[in-house]
Number of protein chains: 2
Amino acid sequence: MIRDDSPPPARSNAVPRYREIYEALRQKIVSGEWPAGYRLPSEHELARSFGCARMTIGKALGALADQRLVTRRRRAGTTVNMPRPQESVLEIHDIEAELLAAGVSYAYQSLERRVRRASTADANILGVPSGTPVLALTGLHRAGGRPHALEERLINLHAVPEARAERFSGISPGRWLLQRIPWTEAEHQIGALNADAAIARWLAIRRNTACLTIERNTWRDEQRITHVRVIYPCDQHRLVARFRYGPT
Amino acid sequence: MIRDDSPPPARSNAVPRYREIYEALRQKIVSGEWPAGYRLPSEHELARSFGCARMTIGKALGALADQRLVTRRRRAGTTVNMPRPQESVLEIHDIEAELLAAGVSYAYQSLERRVRRASTADANILGVPSGTPVLALTGLHRAGGRPHALEERLINLHAVPEARAERFSGISPGRWLLQRIPWTEAEHQIGALNADAAIARWLAIRRNTACLTIERNTWRDEQRITHVRVIYPCDQHRLVARFRYGPT
DNA sequence: TTCCGCGATATGTCTAGGCATATTATAATT
DNA sequence: AATTATAATATGCCTAGACATATCGCGGAA
């Protein structure tokens, strides 16, 4: 017996099939038609009803799972998740690039630069054994000639020995590091503080002005690279983060 | 001629092949052996050298591209990216769940509740036409009996008509909404401010104390649901975000 | 010299099967 | 009744091949 082995019509739509399916299923979920806990049809059933191979369905369901809209377990099937905790992707840009993109002139001014063996405090902050050689930097980011942010940084000289020879007059250490050292993990902590006298002087703001602080730790496969705290006056900077349950 | 059609040995390692390959390639990149701009071997070549099907290579490379470690373009091939702008996934938790998880008692105290037609200011903040019915809420989150955060919220009553009947005495509007309304997009803005007299009184802090503010806008497929601004005293809360170039 | 068309190449997507494995439901046994 | 073996099911991973499509580079024409 001869079966119809003609290939399916050459769908050359711009949007791939798996994405159409992803969108269709996503719509069921975000519209509430399939509420939390609902169990989706099996891959085989969906493949039949959408008229495609099981692997194509698998790709669509995999994308939904990546977005955490559903959970997939063998034999148990695919079920709709509870709405998640509010989650966003926060991009913390290089200050210099950000300002230049906005058409503002930028300069980094080094205020202090010291190589030392890590004190107990340094060791705690940077997460290295005390006594490890570190480079401690303080500097000011200027935008349009005016103070924009104050930066306090510790660099692990075991991880970045080249830094010992770099003066960082002119180039910001953040950019310098970013261009040289690939990092594999980063942690940010965001907080607020009242400017003390020293901070207020450097940033040319009044004492007690609220400032946003961003602390960042970076790792390169287990090894700590640097710790930095950047202090922005409250009116200079906002962090924006956006998340969407998206067309991926 | 008879070819060896015996299937490949039944690798039943716990780690799938595509992930092994992903890790191997990732290692080349983060170690610096393949620097930014380096062009990877083609899928065919990799498939040959790893001894697997092209699709398996495609899955590994796709994962690297998801992590933005590489860029893939037809004909041009797959190339290693420059290190990215610092990016992190920020989870902004439900305050109530967070405090309960920490073993602290939690309560929401409604301070003000008004239904009104959106003023121009409301309209700007919430992104709806002025005149749209909105619910304006002010409330205090208490932890262990003490003030923890102040919340100012606008809810679009066209999007959430059920909210008109809800008193929000006891239950926090954030939690109430999260349980009822699936959202598809969220934007967060994080900033700092000095507490004014009203804020200071409610939060039982001194005037001018630095506070962290989180503003959140949520959408459900184009439609604005709510805008909220939460104000935390600087010593009460930090935001932590973490990112890793990961084993996915 | 410059521009245009064409072939080569690498990825993007898809199919139709296959075996592996976790988990659940059911039947059998103690 | 409680426990254990077994079968069924749904996902997870994989292959070998196919066509589609973007784009790079080259050679010929204006």
Side-chain angles (χ1 to χ4, degrees), chain A residues 2-25 34 37-66 68-81 247-248, chain B residues 3-25 37-66 68-81 247-248:
Chain A
I2 299 194
R3 295 195 311 144
D4 174 22
D5 58 355
S6 64
R11 283 180 333 85
S12 75
N13 313 342
V15 290
R17 192 90 177 88
Y18 82 86
R19 195 174 286 274
E20 281 178 18
I21 295 169
Y22 169 89
E23 273 304 327
L25 298 178
W34 287 350
Y38 179 86
R39 177 165 156 187
L40 275 67
S42 76
E43 290 194 352
H44 277 290
E45 287 175 69
L46 289 169
R48 213 157 21 80
S49 67
F50 279 102
C52 67
R54 189 170 73 100
M55 221 186 177
T56 305
I57 297 294
K59 208 167 175 182
L61 291 178
L64 289 171
D66 285 346
R68 316 237 184 138
L69 279 166
V70 300
T71 301
R72 314 190 69 197
R73 274 165 57 233
R74 289 183 185 169
R75 157 78 216 202
T78 302
T79 54
V80 176
N81 278 346
T248 310
Chain B
R3 295 197 311 141
D4 175 21
D5 59 353
S6 64
R11 284 180 332 87
S12 74
N13 312 342
V15 289
R17 192 89 176 89
Y18 82 87
R19 195 174 286 274
E20 281 178 18
I21 295 169
Y22 169 89
E23 273 304 328
L25 300 178
Y38 179 86
R39 176 164 158 189
L40 276 66
S42 74
E43 290 194 351
H44 278 288
E45 286 174 70
L46 289 169
R48 211 155 24 78
S49 68
F50 279 103
C52 66
R54 205 194 114 206
M55 221 186 175
T56 305
I57 298 293
K59 208 166 174 181
L61 291 178
L64 288 172
D66 286 346
R68 317 237 182 135
L69 279 167
V70 300
T71 301
R72 314 191 68 200
R73 275 166 56 232
R74 290 182 186 171
R75 157 78 213 201
T78 302
T79 54
V80 176
N81 279 345
T248 312

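Sequence lines set the chain letters: A, B, ... in the order given, protein chains first and strands last, and positions in each chain run from 1.
- When the options B:I21, B:V70, B:L46 are evaluated for a side-chain contact (heavy atoms from CB on, under 4.5 Å) with B:L61, the one that passes is B:L46.
- B:F50 places its CZ atom 19 Å from the C1' atom of D:dA16, with the value rounded to the nearest Å.
- A straight line from CE of A:M55 to P of D:dG17 spans 16 Å, rounded to a whole angstrom.
- Listed by residue number, A:R72, A:R73, A:R74, A:R75, A:G77, A:T78 are the residues of residues 72-79 of chain A with a heavy-atom contact under 4.0 Å to DNA chain D.
- A:N81 CG to A:R68 CZ: the interatomic distance, rounded to the nearest 0.5 Å, is 9.0 Å.
- Across the protein-nucleic acid pair, B:E20 atom CD and D:dC13 atom C1' stand 12 Å apart, rounded to whole Å.
- Side chain of A:R17 to main chain of A:F50: a donor-acceptor pair is present (N/O by atom type, distance under 3.5 Å, no hydrogens or angles).
- The distance from the OG atom of A:S42 to the CZ atom of A:R54 is 9.0 Å, given to the nearest 0.5 Å.
- At whole-Å resolution of the value, CZ in B:R17 and P in D:dC14 are 8 Å apart.
- Listed pair A:R39 / D:dA10 meets the phosphate criterion, a side-chain N or O lying under 4.0 Å from OP1 or OP2.
- Where B:K59 and B:R54 each meet DNA chain D at their nearest nucleotide, the meeting point lying more 5' is that of B:K59.
- Distance CZ (B:R48) to P (C:dA10): 11 Å, rounded to an integer number of Å.
- One distance of note links OG1 of B:T79 with CZ of B:R73; it measures 7.5 Å at 0.5 Å rounding.
- D:dT11 atom P lies 10 Å from atom CD1 of A:I57, rounded to whole Å.
- For the pair B:I21 CD1 and D:dC14 C1', the interatomic distance rounds to 11 Å; values are reported in whole Å.
- Checked by distance alone, B:R19 brings no side-chain donor or acceptor within 3.5 Å of a matching partner on the base of D:dG12.
- Distance CD (A:E43) to C1' (C:dG18): 14 Å, rounded to an integer number of Å.
- Exactly one residue among B:V80, B:L69, B:L64 makes a side-chain contact (heavy atoms from CB on, under 4.5 Å) with B:L25. That residue is B:L64.
- Proximity of B:T56 to the phosphate of D:dT15: a side-chain N or O atom is located under 4.0 Å from OP1 or OP2.
- In this structure, the separation between CZ on A:R48 and CD1 on A:I57 is 11.0 Å, given to the nearest 0.5 Å.
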